[in-house]
Visitor: 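Below is one structure. I have some questions about it.
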Amino acid sequence: MTPTGSPEAAGNPGPAGSLEGKVALVTGASRGIGLAAAAALRDQGARVVITSRSEERAKEAAAELGGAIEGFGAHATDEAAARACVEHTVATYGRLDVLVNNAGTNPAYGPVIDQDHARFTKTMDVNLWAPILWTSLAVRAWMGEHGGSVVNTASIGGYSVAADVGVYHVSKAALIHLTKQLALELAPAVRVNAIAPGVVRTRLAEALWQGERETKVAAATPLGRIGEPEDIGAAVAFLAGDAARWITGETLVVDGGQLLGPGAV
Ligand SMILES: NC(=O)c1ccc[n+]([C@@H]2O[C@H](COP(=O)([O-])OP(=O)(O)OC[C@H]3O[C@@H](n4cnc5c(N)ncnc54)[C@H](OP(=O)(O)O)[C@@H]3O)[C@@H](O)[C@H]2O)c1
């Protein structure tokens, strides 16, 4: 095994194609950021398996993107489905080099003290437990022995507080910390990093950008617009690939400067 951060791994990773021959798995990728990340990884040369709660939606999304992508139905917190997906990936493609823990949810709107245990638990299960579960499976199935790279999808919400989405923000803050913890535990074989997107044009964040809200968010964003899923996909591909070979435990903010601006969203 060549540890991903070792001196032997040094060398010019090349501007493109750094994932040539590699295999990636992206959870929660039937649309939005996950789908864009899958496309970016594929464009770097990887074969990619994407998941959704619905096998049909996963397969439709994979077909839409064309070659080198396969869809698999697996709820992110369903251990049996997760195990089946990881085993299928390694059995079919012979390896698993990149895991993107992207599936996320935000069912707990309103002040934290008004939330019930069920909504709290669902948020934490999908946003925090699932990345542990899938990372554990990927490490045991392939990465622990052969090396690999994990990218978690956090949020700038993990660095800020805001009314009405407190539980979600707490889950993403914990995911940023989890990223460091796993990076330490899994080095040198496996690098573990995260991205922290700002407001991106996806269904999950519709309430933040629909209608007139988009103009307001764009005005509060130093780079002048909300994010597109492809903006995040490019950052995922960077962290997953050899260009980031000496980066681990890091969270890359990809938000057009939203965290810098007044009244960050
Ligand atoms: N959009 C933003 O502004 C923003 C900002 C910061 C962070 N994020 C994070 O980015 C990630 C992706 O969100 P998105 O904005 O791209 O949302 P999205 O467009 O709603 O996509 C969410 C994806 O996750 C899948 N999914 C949802 N729950 C799942 C589960 N329990 N198991 C498996 N798959 C599941 C959905 O597929 P099915 O419905 O087909 O299952 C869908 O493909 C999330 O972790 C989110 O917290 C988003």
Side-chain angles (χ1 to χ4, degrees), residues 25-40 48-62 64-65 69 71-82 84-85 99-108 119 121-131 133-134 151-160 162 165 167-176 178-179 194-210 213-214 217-218 220-221 225-233 235-236 251-256 258-259 264-265:
L25 202 170
V26 186
T27 69
S30 63
R31 59 175 183 268
I33 289 170
L35 189 58
V48 188
V49 175
I50 62 174
T51 75
S52 148
R53 287 166 292 185
S54 146
E55 183 174 344
E56 196 184 345
R57 283 198 295 276
K59 289 194 182 311
E60 276 170 13
E64 241 172 68
L65 282 186
I69 296 198
F72 197 99
H75 194 295
T77 63
D78 179 341
E79 184 166 346
C85 183
L99 170 68
V100 183
N101 287 309
N102 177 73
T105 191
N106 184 17
R119 279 180 289 178
T121 306
K122 182 178 178 187
T123 310
M124 292 299 167
D125 276 357
V126 175
N127 295 358
L128 198 57
W129 168 244
L133 171 66
W134 287 76
V151 182
N152 295 322
T153 306
S155 165
I156 59 169
Y159 291 117
S160 59
V165 285
V167 172
Y168 175 80
H169 280 199
V170 168
S171 75
K172 294 298 188 178
L175 184 58
I176 290 167
L178 175 70
T179 299
I195 47 158
V199 176
V200 179
R201 192 188 310 280
T202 71
R203 194 184 300 175
L204 184 92
E206 264 174 359
L208 297 175
W209 56 262
Q210 267 190 337
R213 188 86 177 117
E214 178 170 350
V217 176
T221 304
R225 63 171 175 83
I226 68 167
E228 303 296 339
E230 293 72 22
D231 296 323
I232 313 302
V236 171
T251 296
L252 178 59
V253 173
V254 189
D255 71 342
Q258 282 168 352
L259 265 185
V265 275

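First listed ligand is number 1; within each ligand, the first listed atom is number 1.
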Visitor: How long is the gap from CZ on R201 to CG on D231, to the nearest 0.5 Å?
Guide: 10.0 Å

Visitor: Does the residue A58 have a heavy-atom contact with ligand 1, meaning some pair of atoms that are separated by less than 4.0 Å?
Guide: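 It does not; every heavy atom stays at 4.0 Å or beyond.
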
Visitor: Say whether Y168 and ligand 1 are in contact under the criterion: heavy-atom distance to a ligand atom below 4.0 Å.
Guide: yes

Visitor: Determine, considering heavy atoms only, which of G198, S155, P229 sits nearest to atom 4 (C) of ligand 1.
Guide: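 Checking each option, the heavy atom nearest atom 4 (C) of ligand 1 is found in G198.
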
Visitor: Do D125 and T77 meet the criterion of a side-chain donor-acceptor pair at a distance under 3.5 Å?
Guide: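 No - no donor-acceptor pair under 3.5 Å links their side chains.
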
Visitor: At their closest point, which heavy atom of P197 faces which heavy atom of V200, and how far apart are they?
Guide: CB-CG2, 4.0 Å

Visitor: Ligand 1 and I156, any nitrogen or oxygen pair closer than 3.5 angstrom?
Guide: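 Looking only at distances, the answer is no, because the N/O contact criterion of under 3.5 Å is not met.
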
Visitor: Please indicate whether any nitrogen or oxygen in S52 is less than 3.5 Å from any nitrogen or oxygen in ligand 1.
Guide: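 Yes; the residue has a nitrogen or oxygen that sits under 3.5 Å from a nitrogen or oxygen of the ligand.
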
Visitor: Heavy atom of V199 under 4.0 Å from ligand 1?
Guide: yes

Visitor: Would you say the side chain of H169 lies within less than 4.5 Å of the side chain of S160, judging by non-hydrogen atoms?
Guide: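 Yes, side chains in contact.
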
Visitor: R31 and T202: side-chain contact (heavy atoms from CB on, under 4.5 Å), yes or no, with the steps?
Guide: CA-CA 8 Å; R31 59 175 183 268; T202 71; over 6 Å; no

Visitor: Is S54 in polar range of ligand 1, meaning some N or O pair under 3.5 Å apart?
Guide: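 S54 vs ligand 1: no N/O contact under 3.5 Å.
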
Visitor: Could you tell me whether some N/O pair between K172 and ligand 1 is separated by less than 3.5 angstrom?
Guide: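 Yes, K172 has an N/O under 3.5 Å of an N/O on ligand 1.
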
Visitor: Using a 4.0 Å heavy-atom cut-off, say whether N102 meets ligand 1 through its side chain, its backbone, both or neither.
Guide: both

Visitor: Quick one: does T153 get a heavy atom under 4.0 Å from ligand 1?
Guide: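 The answer is yes: ligand 1 sits under 4.0 Å from a heavy atom of T153.
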
Visitor: Report the residues that fulfil ring-ring contact (aromatic ring centres under 6.0 Å, His included) with Y159, sequence neighbours left out, ordered by chain and then residue number.
Guide: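 Applying ring-ring contact (aromatic ring centres under 6.0 Å, His included) to Y159 gives none.
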
